[in-house]
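As the structure lists them, so they are numbered: ligands from 1, and atoms in each ligand from 1. Values below: every heavy atom of this structure, side chains too, minus hydrogens, waters and symmetry copies.
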Amino acid sequence: MVTPQQALDLLGEIDDALAKTPGRDAAVHAAMRLIAGRLPHYNWVGVYVLDGDMLNLGPYVGAHTDHTLIPVGRGVCGTAVAEDRNQVIEDVRTLDNYLACSLETRSEIVVLIRDPRTRQVLGQIDADGHDVGAFDRTDEALLEQVAARLAPRLLGPAE
Ligand code: SME
């Protein structure tokens, strides 16, 4: 859960950071660092970039993960693309189609990053939390706003 004030403050900080950070990966990493730094329930947060039918892990903050390449349809991340919709998972232990990054993870949210003109999926913001039900509609709304800010960077070259 994110309060309106937290969301406002964080988006302001992300706007400032993006304004002074050229390039895709540096900008994405700056945004991920701000999210993880300001919101303690984000225990892992990163961006996957869609390339054909594979999701490629980009910049992230949190523990190392083996899931650097996820096929569309696999796990929560791949399901978001296959179903063309965000995922908010209260308790990952209830899922069959789940790729564990950390044994401590209980909840997960995936918000799609879309091309603003075509609505085509460019990638996604993925976050894990250690508590059941860590993420709700307020997190989804915040991450949608972050996704809209990152979309132009995903349309540009990677660094
Ligand atoms: N749990 C994700 C895999 C990515 S890690 O959480 C970083 C999934 O099921 O797709």
Atoms of ligand 1 less than 4.0 Å from [X] heavy atoms?
{"X": "W44", "answer": "7 (C)"}
{"X": "Y48", "answer": "4 (C), 7 (C)"}
{"X": "D126", "answer": "4 (C), 5 (S), 6 (O), 7 (C)"}

Taking [atom] as the reference point, the nearest protein heavy atom with its distance:
{"atom": "atom 8 (C) of ligand 1", "value": "V76 N, 3.2 Å"}
{"atom": "atom 7 (C) of ligand 1", "value": "C101 SG, 2.5 Å"}
{"atom": "atom 3 (C) of ligand 1", "value": "L99 O, 3.4 Å"}

Under 4.0 Å from ligand 1, counting heavy atoms only, is it the side chain of Y60, its backbone, both or neither?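 For Y60, no heavy atom sits under 4.0 Å from ligand 1.
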Over 12 foreign heavy atoms within 6.0 Å of CZ, R74: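 No.
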Does atom CG of D51 have more than 12 heavy-atom neighbours from other groups under 6.0 Å away?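 Open.
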Decide whether an N or O pair under 3.5 Å exists between [X] and ligand 1.
{"X": "G75", "answer": "no"}
{"X": "D128", "answer": "yes"}
{"X": "E108", "answer": "yes"}
{"X": "I70", "answer": "no"}
{"X": "G78", "answer": "no"}

Given side chains that start at C-beta, do those of T105 and Y98 come closer than 4.5 Å, heavy atoms only?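 A side-chain contact under 4.5 Å exists here.
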What I'd like to find out is whether the side chain of L50 reaches to under 4.5 Å of the side chain of L154, using heavy atoms alone.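 They are not in side-chain contact.
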Strictly by modelled atom types, are D139 and Y42 linked by a side-chain donor-acceptor pair under 3.5 Å?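 Present: a donor and an acceptor within the cut-off.
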Closer than 4.0 angstrom, basic N to acidic O: yes or no for R38 and D9?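 No.
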Quick test of your reading of the model: are K20 and D15 salt-bridged, counting only N-O distances below 4.0 Å?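 Judged by the 4.0 Å cut-off on N to carboxylate O distance, K20 and D15 do not form a salt bridge.
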Which distance, rounded to the nearest 0.5 Å, do you find between the CD1 of I89 and the CG of D128?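 Between I89 CD1 and D128 CG, I get 11.0 Å after rounding to 0.5 Å.
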